[in-house]
Asker: 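Can you keep this structure in mind? I'll have questions shortly.
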Amino acid sequence: MKIYNTLSGKKEEFVPIEPGKVRMYVCGPTVYNLIHIGNARPMIVFDTVRRYMEYKGYEVNFVSNFTDVDDKIIKKAMEEGVEASVISRRYIEECKKDMAAMNVRPATHHPLATEEIAGMLEMIGNLLEKHHAYVAQDGTVYFRTRSFEGYGKLSHKNLDDLRSGGRSLLVSGEDQKEDALDFVLWKPKKDGEPYWDSPWCQGRPGWHIECSVMSRKYLGEEIDIHAGGEDLIFPHHENEIAQSEAANGHTFARYWMHNGFLNIDHKKMSKSLGNFFTVRDISEKYDLQVLRFFMLSAHYRSPLNFSAELMEAAGNGLLRIVTSVENLKFLAGNAKEKTLQETEAKCLQEADSYRVKFEEAMEDDFNTADAIAAIFELVKFTNTSVSPQSSLPLIGGLLERIRTLADILGLVVDKKEEILDEEIEALIEARAAARKSRDFSRADAIRAQLLDQGIILEDTREGVKWRRA
């Protein structure tokens, strides 16, 4: 299995720290509002990485945090006149709902920054003892960036050319920095803000220290994979490496994975441009399985453009797989119990070649676009290989293969069970009886009556099927 490592800038063979186990940390959202579709991409991508690792037999300890103390959370809390924790708890629950709707599995651990303050104080104290950090006059604690020799190795930036910025937390006393590149580990409280006691001042942690501490607590000092959006490479992940390796004295993460940006109609998503969409917004127009399919239709490191046309195409692509599964289920329900014929056994063996293609795509830096192409090939092969005369073992075997590959990508390809009321069921049966007795005018009248009730009948070679209009 090859993974593109941002740290080295090339694909590397994946070798876990501990055989058979994967320790993986993914930076989660800051919970001050409903998550947007930019947040959704890393959630879907790295959930898929996890699923494939588990499919290959690895035991995956998957940690993804919630940043529940932040300037934006505090601002929203002040606007509503409530505690910051009220805002963060509200949007953590909403985030979990959206994750479930996208079929993103819960992490092994979802730590909260506010519940890990003790660990942050400990790591900051360690960095001070090792002279990698210092305390400013107002109690702000800064990381001494130039004390860490490897600073810039992830973002491939030259230290002398760097300037502090990005999402660094700017505080009063900023002019007390020894160097413009130094970043905040602990900041003094402001009026109305949540705060915690520390040896340096009453205040709260800087953003970067949170993930270093939570990763160490739940995964250990060295982890296999650290992942997130490419916007986190600098300064967040760069700063995580600096403080973690300075404190622990060895490598923090072996493999760094970053997904590409998501644009809207070829423009950066922003509220000012009126093209800012939450996952909840999208769910009002599309099944979120379509969003997941869309997100996986391109390689995770590639930029991805979101548009209504592309979502429609994704919906049609997913429907091809769902339709094939429904046809197989229909055939299985009517198939006679027969033993697998020799030609059918060869058919299943040929079907396994598409699983091999799927795995080859996934093992090449999780190329989900090619993996989906392999599923499409399997679907096409299946559609031409089965008939009402096929044996149940053949139908079931093909069905199981499609479901397995789709599930690795987190795609739900079985329609939700829909229950017709007794009157509609009776009408469908009456139409079938009318057709059998060659009373076609009666059969046509029943079809029209069902259409008035929003039920569309389709006569296929497998039998009569229905769908809602």
Side-chain angles (χ1 to χ4, degrees), residues 55 103 287 289-290 293 314-358 371-422 424-438 440 443 446-447 450-451 454-469:
Y55 165 74
N103 203 23
D287 188 311
Q289 276 292 294
V290 175
F293 186 93
N316 291 333
L318 181 59
L319 183 60
R320 284 174 58 190
I321 305 172
V322 171
T323 300
S324 181
V325 167
E326 290 303 304
N327 286 339
L328 288 171
K329 287 162 64 177
F330 184 87
L331 288 171
N334 292 279
K336 295 179 180 179
E337 287 286 349
K338 302 192 279 188
T339 56
L340 193 68
Q341 302 300 309
E342 183 178 349
T343 55
E344 292 183 329
K346 289 181 179 178
C347 182
L348 287 179
Q349 289 177 356
E350 188 174 348
D352 284 334
S353 68
Y354 301 108
R355 174 186 55 79
V356 172
K357 283 186 177 182
F358 177 95
I372 288 174
I375 294 178
F376 280 149
E377 289 183 47
L378 175 57
V379 164
K380 183 179 179 180
F381 172 79
T382 296
N383 292 345
T384 57
S385 299
V386 295
S387 71
Q389 288 72 46
S390 298
S391 72
L392 187 60
L394 173 63
I395 297 167
L398 292 170
L399 181 59
E400 184 271 335
R401 283 160 173 76
I402 295 174
R403 280 173 169 163
T404 296
L405 300 187
D407 185 62
I408 294 169
L409 300 183
L411 298 173
V412 178
V413 292
D414 284 87
K415 281 185 179 179
K416 294 178 183 177
E417 289 296 326
E418 295 187 72
I419 301 174
L420 292 174
D421 62 38
E422 293 181 358
I424 294 177
E425 288 180 348
L427 286 169
I428 291 176
E429 291 176 5
R431 178 177 179 270
R435 284 168 59 87
K436 188 174 182 180
S437 64
R438 304 185 66 79
F440 297 116
I446 293 174
R447 176 193 283 272
L450 286 169
L451 185 59
I455 303 298
I456 298 174
L457 298 185
E458 296 176 348
D459 296 312
T460 72
R461 66 172 185 167
E462 292 85 15
V464 180
K465 296 183 180 182
W466 62 270
R467 62 183 173 88
R468 296 193 183 276

Asker: Could I get the full list of ring pair (Phe, Tyr, Trp, His ring centres under 6.0 Å) partners for Phe376, not counting sequence neighbours?
Answerer: none
Asker: Between Thr384 (side chain) and Lys380 (backbone), is there a donor-acceptor pair under 3.5 Å?
Answerer: yes
Asker: Might you point out which heavy atoms bring Arg320 and Val379 nearest each other, and give the distance in Å?
Answerer: O-CG1, 4.0 Å
Asker: Which pairs would a plain distance check flag for residues 403-411, meaning a side-chain donor or acceptor within less than 3.5 Å of a matching protein atom at least two apart in sequence or in another chain?
Answerer:
unit_1	atom_1	unit_2	atom_2	d
Arg403	NE	Asp414	OD1	3.1
Arg403	NE	Asp414	OD2	3.4
Arg403	NH2	Asp414	OD2	2.8
Thr404	OG1	Glu400	O	2.8
Thr404	OG1	Glu400	OE2	2.9

Asker: Any non-hydrogen side-chain atom of Asp352 less than 4.5 Å from a side-chain atom of Arg355?
Answerer: yes
Asker: Between Leu457 and Ile446, is there a side-chain heavy-atom distance shorter than 4.5 Å?
Answerer: no
Asker: Which atom pair, heavy atoms only, marks the closest approach of Ser390 to Ile395?
Answerer: O-CD1, 3.8 Å
Asker: Looking at Lys338, I want to see if its NZ is surrounded by more than 12 non-hydrogen atoms of other residues, nucleotides or ligands under 6.0 Å.
Answerer: yes
Asker: Quick one: closest heavy-atom pair of Pro388 and Leu331, and the distance?
Answerer: CA-CD2, 3.8 Å
Asker: Find the distance between CG (Leu427) and CG (Leu450) and round it off to the nearest 0.5 Å.
Answerer: 5.0 Å
Asker: Mind checking what makes side chain to side chain contact (heavy atoms under 4.5 Å, CB included) contact with Gln341, not counting sequence neighbours?
Answerer: Thr339, Thr343, Glu344
Asker: Compare every heavy atom of Ile402 with every heavy atom of Ser324, then report the nearest pair and how far apart it is.
Answerer: OG-CD1, 3.9 Å
Asker: Please report the shortest heavy-atom distance between Tyr354 and Ala374, naming the atom on each side.
Answerer: O-CB, 3.8 Å
Asker: Rounded to the nearest 0.5 Å, how far does OG1 of Thr323 lie from CG of Asn316?
Answerer: 10.0 Å
Asker: What pair of heavy atoms forms the shortest contact from Ser385 to Leu394, and how long is it?
Answerer: O-CD2, 4.0 Å
Asker: Taking the basic N atoms (NZ, or NE/NH1/NH2) and the acidic carboxylate oxygens, is any pair closer than 4.0 Å for Glu326 and Lys329?
Answerer: yes
Asker: Could you tell me whether a side-chain N or O of Arg401 sits under 3.5 Å from a main-chain N or O of Gly397, the two making a donor and an acceptor?
Answerer: yes
Asker: Might you work through the side-chain contact (heavy atoms from CB on, under 4.5 Å) test for Asn327 and Val386, ending with a clear yes or no?
Answerer: CA-CA 10 Å; Asn327 286 339; Val386 295; over 6 Å; no
Asker: Check whether any side-chain heavy atom of Phe358 sits under 4.5 Å from a side-chain heavy atom of Leu378, and report yes or no.
Answerer: no
